[in-house]
Structures are given as C-alpha cells and as structure tokens.
Student: 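Take this structure first; my questions come after.
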Amino acid sequence: TTSDQLCHLLALSGIPTREELFSVNLCGRGRDNTNVGGAPLLVVNGVNGLDVIAAMNNGRIYRVQNGRRLWRMRHQVSWNDQSVVALQQIDATNVVAATRPILFAGETSLEILAASSGRVLATTTFPQPSIRQTVMEDLNGDGTTDVLITTKDAIWGFHVTVRTGTSVFFRIVVGGLIMGLMLAILRNKFGPHPGKRSTDL
C-alpha cells in the first residue's frame, strides 16, 4: 500500500486473508515519497525460507525476511510505465539458488545486484528507452540467463556472466593448511632429533 507519506509491504495469511504476518515500512517519511510506486515483488530463496525483494521508484530497494529488513540500498533505475520494469533473479547453473544475482531493469537502464547484500555488481544504460518488459533467456547456452531489451527500433541483447570467488573463510583455511605443512617440513628438517648422535648423517 502507498500514500503521499509512507508505503508498506504487508504480508497476510489465511483463507480468506485476514491474519497479518508482518508489515514493513518501505519508504519512511520524506519529500521523495510523493507518488511512490513499486516494481512487481520478487520472492527469492533465503537462508531461513523465502525472502521478498521490493524496489520503489523513489530510488530504494529492500530485501525483507519475516518482516525484518536484511538490507536497504539506493538504485538508479527509473520508470514511468510499470509494465516495462523488471525485478528478476538471474538463473546461473554455477551459483547456488540463494546467492544468484538480481536483475533490476527500468526504461533506460539496468542494474545487477548481489542477492546477499544488494551491492551493485554491474550496470548499463540502454541505447533507447525500453518499450516492453525485459526478457530473460539463455542466448548462448552457457547456463546463465541473458537479457533482451526491446526498444522502438531494435531488440538489444546483453550477455550476462556470473563469476564466483572463493570465500574469505576458505582462503584462511587453505592458508592455514599451507603454513602448517611448511612448519612441519622445517621442523622435520632442522629441528632436534632425539636419539640421533652427532656423528650420524
């Protein structure tokens, strides 16, 4: 629901829907909340079930879990016609579902966001304004969905590549193992050897 001063994400349950599960303020109070609108909500896999990602046309995007905001970020995607805005998760075979990036596209640009933090991973501006909703399709068969933008004069394709890096914890563990092996080798080579005589080789 939206108004000139505030907007909320409201989750209901029951048949008919009467019980309120949670309500999250998505806009707060301020001058940028006039005529606030939202992109279609995106439901994604989270650590403890399903999370909701909501993007507003006042420049804010949120990830919500059980009524708690996991992150809130600013975005540069704009739209006047809600039929062209897209908020979708990129399908990538080399990335687990919970961490697959989020595509957020409007009339003139798109952003790819990290699902876990909302950090902007990539952005691009369209050569012409989009006139239809973004199409997600794997164009080259690499297992990652690419992006098709339809404008007045052409259809533009954007290739998406998702690269995963090793976690900090994994790098620390590997570094610790290497250091342990080096210390064991040095101790074996130069350390004291009980029972060995000075004349022994």
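Below, all heavy atoms of this structure are taken into account, side chains as well, without hydrogens, waters or symmetry copies.
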Student: Can you measure from CH2 (W156) to OG1 (T124) and round to the nearest 0.5 angstrom?
Tutor: 10.5 Å
Student: What closest approach, in Å, do D51 and G46 show between heavy atoms, and which atom pair accounts for it?
Tutor: OD2-CA, 3.6 Å
Student: I'd like to know if L110 and L42 are part of one continuous hydrophobic network [Ile/Leu/Val/Met/Phe/Trp/Tyr, side-chain heavy atoms within less than 4.5 Å].
Tutor: no
Student: Is there a donor-acceptor contact under 3.5 Å linking the side chains of D81 and S83?
Tutor: yes
Student: Can you establish whether the number of heavy atoms outside R132 located under 6.0 Å from its atom CZ is more than 12?
Tutor: no
Student: Test V84 against Q133 for side-chain contact (heavy atoms from CB on, under 4.5 Å), laying out the working first.
Tutor: CA-CA 4 Å; V84 304; Q133 192 172 48; 5.6 Å; no
Student: Please tell me whether I102 and V120 are part of a single hydrophobic cluster in this structure, the criterion being side-chain heavy atoms less than 4.5 Å apart.
Tutor: yes
Student: Would you say that more than 12 heavy atoms from the other residues, nucleotides or ligands in this model lie under 6.0 Å from the CH2 of W71, or not?
Tutor: yes
Student: Any chance you could measure I90, atom CD1, to T144, atom OG1, to the nearest 0.5 Å?
Tutor: 8.0 Å
Student: For a side-chain contact (heavy atoms from CB on, under 4.5 Å) check, start with the C-alpha distance between I155 and I149, then their side-chain angles and the critical distance, and finish with the verdict.
Tutor: CA-CA 6 Å; I155 297 175; I149 302 295; over 6 Å; no
Student: Under the ring-ring contact (aromatic ring centres under 6.0 Å, His included) rule, what pairs show up with a residue in residues 76-95, not counting sequence neighbours?
Tutor: W79-F104
Student: Considering only heavy atoms from C-beta outward, does the side chain of Q76 approach that of T123 to under 4.5 Å?
Tutor: no
Student: With a 6.0 Å cut-off (strictly less than), is the heavy-atom count around CD of Q128, excluding the residue itself, greater than 12?
Tutor: yes
Student: So how far is it from I61 CD1 to R74 CZ, rounded to the nearest 0.5 Å?
Tutor: 12.0 Å
Student: If I compare all heavy atoms of G67 with all of V24, which pair ends up nearest, and what's the gap?
Tutor: O-CG2, 3.4 Å
Student: Would you mind reporting whether F158 and D146 have side-chain heavy atoms less than 4.5 Å apart?
Tutor: no
Student: When hydrophobic residues are tied together by side-chain contacts of less than 4.5 Å, even through go-betweens, does L121 share a cluster with V147?
Tutor: yes
Student: Compare every heavy atom of Q89 with every heavy atom of R100, then report the nearest pair and how far apart it is.
Tutor: O-NE2, 3.0 Å
Student: Measuring from atom OG1 of T161 to atom CG of D142, what distance do you get when rounded to the nearest 0.5 angstrom?
Tutor: 6.5 Å
